[in-house]
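See below for the structure under consideration.
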Amino acid sequence: AAKSQGCQLWEIYQPEMGQVSQERAKMERELRKALAEGVLQLHFQPQVFSHASHAPAQLYGVEALSRWHHPEWGWVAPPRFIAVAEDAGLIHQLTTWLINAACAQLAAWRTQGLRIPHIAVNLSTNNFHDPAFALHVQATLHQHGLGCQDLMLEITESVMLDSSPATLDNLKALNEMGIRLSMDDFGTGYSSLSYLHRLPISELKLDKSFVQDVCTSAAASALTRSVLNIAQSLGMTVVAEGVETLAQAQWLSEQGCPILQGYHFAKPMPGREIAQWMQKQAITQPA
Ligand code: C2E
Ligand code: MG
Ligand code: MG
Ligand code: MG
């Protein structure tokens, strides 16, 4: 009885912050273990050129997305474990694994004869604080027999607003190597357009919060048209993310959005399923 009472008291007086940080600490330990054991996986989501309805679908690239299946918790949402990795100083290790695994998969697809133009990976702001980051990326590409055009690095606006010397040096080095940068979730961040012409961005990813409203909201469709105009005048390409319906895909195509990505085309899938998905696409596309 004394013991259970003690337990109750412990529960009552445990401050909420303490519980949160205990959960964090546990997730950090488990993530560290998962990285050491190599149990993280990648799923891949196709990105297709928007096209006239009579033309066959053409693949622009694929985005690699990290997946963690924990034996007790099941699938852990990427934004959760990515945040833990960032706080715990594990993001360098995670990104090293990510880029290596993505390059290995692209090389394997090409060996199978699959024509995948490039692979995109998501980066954290912290990755740019490693002075050797750009060199690591280049070395990994070389190791897998790939070139600089084979990898697209997705960054967020916070990288652009970070003026630390390491970040600026890495951005400059990547640009000189010819490794392309994509601005993910465009429109949700600080929305400061001024960095767009100062820094070498090749691609804007229109955030899914706009894409999902383009057919129903005048504001979302006006913003989308503006982003398409800005990108065109700056020589950048645009990927609409989170395209879920045929109506959204058609509206975006009509507005001249060059590339589409979302559940309407395919959900992220294991690497071995990509070949089958590509075959099926070709078959279901009228000639
Ligand atoms: P993101 O890079 O913007 O990726 C798009 C997210 O939207 C992915 O969620 C994807 O599965 C989901 N998505 C794709 N199509 C649709 C759609 O049609 N509708 C809806 N509702 N969602 C769609 P996911 O895989 O859960 O990843 C969430 C975020 O976590 C990513 O957003 C990215 O910021 C981050 N993330 C994922 N993997 C990594 C990684 O390896 N490294 C880093 N640093 N971040 C990662
Ligand atoms: Mg992304
Ligand atoms: Mg995004
Ligand atoms: Mg995102």
Side-chain angles (χ1 to χ4, degrees), residues 31 34-35 38-48 60-69 74-105 118-130 133 137 140 151-159 162 180-189 201-215 224 227 237-249 251-252 257 259-271 273 277:
L31 183 59
L35 281 165
V39 299
L40 257 57
Q41 305 168 35
L42 282 181
H43 279 186
F44 305 89
Q45 189 177 33
Q47 305 169 317
V48 299
Y60 165 74
V62 295
E63 179 178 3
L65 294 153
S66 291
R67 295 289 179 263
W68 179 21
H69 190 268
W75 295 103
V76 184
R80 280 192 74 198
F81 69 80
I82 296 296
V84 171
E86 284 170 349
D87 291 351
L90 292 169
I91 197 68
H92 294 288
Q93 197 187 341
L94 190 147
T95 303
T96 300
W97 163 79
L98 164 71
I99 296 177
N100 188 62
C103 289
Q105 180 65 78
H118 70 261
I119 195 157
V121 297
N122 294 282
L123 301 180
S124 294
T125 311
N126 291 351
N127 290 127
F128 288 84
H129 297 156
D130 170 6
F133 178 68
V137 174
T140 308
L151 189 67
M152 178 78 82
L153 301 178
E154 295 194 4
I155 61 174
T156 50
E157 284 170 306
S158 56
V159 173
D162 175 2
R180 289 170 296 165
L181 296 176
S182 169
M183 184 60 60
D184 206 349
D185 306 329
F186 186 72
T188 57
I201 304 291
S202 335
E203 176 187 284
L204 297 181
K205 294 193 79 175
L206 185 66
D207 191 69
K208 53 179 174 287
S209 58
F210 299 116
V211 171
Q212 282 164 11
D213 289 344
V214 286
C215 296
T224 298
V227 171
T237 194
V238 177
V239 178
E241 62 172 31
V243 180
E244 291 186 350
T245 67
L246 177 64
Q248 289 162 0
W251 188 89
L252 288 157
C257 181
I259 298 133
L260 310 174
Q261 177 180 2
Y263 296 167
H264 173 65
F265 300 96
K267 291 198 169 175
M269 64 187 97
E273 290 174 16
W277 178 84

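In each ligand, atom 1 is the first atom listed, and ligand 1 is the first ligand listed.
- When every heavy atom of F186 is checked against every heavy atom of F210, the shortest pair comes out as O-CE1, 3.6 Å.
- Of all atoms in ligand 1, listed by their number and element, those nearer than 4.0 Å to a heavy atom of I82 are 39 (C), 40 (C), 42 (N), 43 (C), 44 (N), 45 (N), 46 (C).
- Under a 4.0 angstrom heavy-atom cut-off, E63 registers as being in contact with ligand 1.
- For atom 3 (O) of ligand 1, the nearest non-hydrogen atom from the set N126, D185, L260 belongs to D185.
- Within the 3.5 Å criterion, the main-chain N or O of Q45 finds no donor-acceptor partner in the side chain of W277.
- In summary, no N, O or S atom of S182 is located under 2.8 Å from the Mg ion (ligand 2).
- Summary: OE2 is the N/O/S atom of E63 found nearest to the Mg ion (ligand 2).
- The two atoms that bring I259 and Q47 nearest to each other are CG2-CB, 4.0 Å, heavy atoms only.
- Considering backbone and side-chain atoms together, H264 places no N or O closer than 3.5 Å to any N or O of ligand 1.
- Which parts of ligand 1 touch P78 is read off a 4.0 Å heavy-atom cut-off, strictly below it: atoms 24 (P), 25 (O), 26 (O), 27 (O), 30 (O), 37 (C).
- For E154, the N/O/S atom at the shortest distance from the Mg ion (ligand 2) is named OE1.
- Residue-level proximity to ligand 1 for Q212 is carried by the side chain, the only part with a heavy atom below 4.0 angstrom.
- Of the candidates Q212, H264, K208, E244 forms a side-chain hydrogen bond (donor to acceptor under 3.5 Å, both in side chains) with just one, namely Q212.
- Using a 4.0 Å cutoff on heavy atoms, E86 does not count as a contact of ligand 1.
- Of the candidates S209, S124, P79, the one placing a heavy atom closest to atom 29 (C) of ligand 1 is P79.
- Counting the atoms of ligand 1 from 1 in the order shown, those under 4.0 Å from a heavy atom of D184 are 1 (P), 2 (O), 3 (O).
- Residues N126 and S124 bring no donor and acceptor atom of their side chains to less than 3.5 Å of each other.
- Restricting D184 to its N/O/S atoms, the shortest distance to the Mg ion (ligand 3) is reached by OD1.
- At a 4.0 Å cut-off, at least one heavy atom of G242 sits close enough to ligand 1 to count as contact.
- Atom OG1 of residue T125 and atom CD of residue E157 lie 11.0 Å apart, to the nearest 0.5 angstrom.
- Residue contact check: G262 has heavy atoms under 4.0 Å from atoms 15 (N), 18 (O) of ligand 1.
- Annotation: the span from H92 atom NE2 to E86 atom CD amounts to 10.0 Å, rounded to 0.5 Å.
- Within the model, atoms CE of M152 and OG1 of T237 stand 8.0 Å from one another, a figure rounded to the nearest 0.5 Å.
- Interatomic distance, CG of D185 versus CD1 of I155, reported as 11.5 Å (0.5 Å rounding).
- Taking both residues in full, the closest heavy atoms of A102 and L42 are given as N-CD1, 3.7 Å, listed atom of the first, atom of the second, then distance.
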Carefully, step by step, assess T188 and S209 under the rule side-chain contact (heavy atoms from CB on, under 4.5 Å). CA-CA 8 Å; T188 57; S209 58; 4.0 Å; yes
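- Counting only non-hydrogen atoms, the option in E154, E244, K267 that gets closest to atom 19 (N) of ligand 1 is E244.
- Of all the N, O or S atoms in E241, the one closest to the Mg ion (ligand 3) is OE1.
- Nearest to atom 4 (O) of ligand 1 by heavy atom, out of L65, V211, L94, T245, is L65.
- If you look at T156 next to ligand 1, there are no close heavy atoms at all, none under 4.0 Å.
- Contacts between P268 and ligand 1, counted as non-hydrogen atom pairs separated by less than 4.0 Å, involve the side chain only.
- If you look at Q45 next to ligand 1, the close heavy atoms, those under 4.0 Å, all belong to the side chain.
- Residues Q261 and P46 come closest through the heavy atom pair CG-O, 3.6 Å.
- The backbone and the side chain of N122 each have at least one atom closer than 4.0 Å to an atom of ligand 1 (non-hydrogen atoms only).
- Taking every heavy atom of both residues into account, A34 and W68 meet most closely at CB-NE1, 3.5 Å.
- With a 4.0 Å cut-off on non-hydrogen atoms, V243 touches ligand 1 through its backbone and not its side chain.
- The closest approach of D185 to the Mg ion (ligand 3), by N/O/S atoms, is made by OD1.
- Atom-to-atom distance recorded for T156:OG1 and N122:CG is 9.0 Å, nearest 0.5 angstrom.
- Proximity to K208 (heavy-atom distance under 4.0 Å) selects the following atoms of ligand 1: 5 (C), 6 (C), 7 (O), 20 (C), 22 (N).
- A side-chain hydrogen bond (donor to acceptor under 3.5 Å, both in side chains) with T95 is found for one member of N127, D130, N100 and no other, namely N127.
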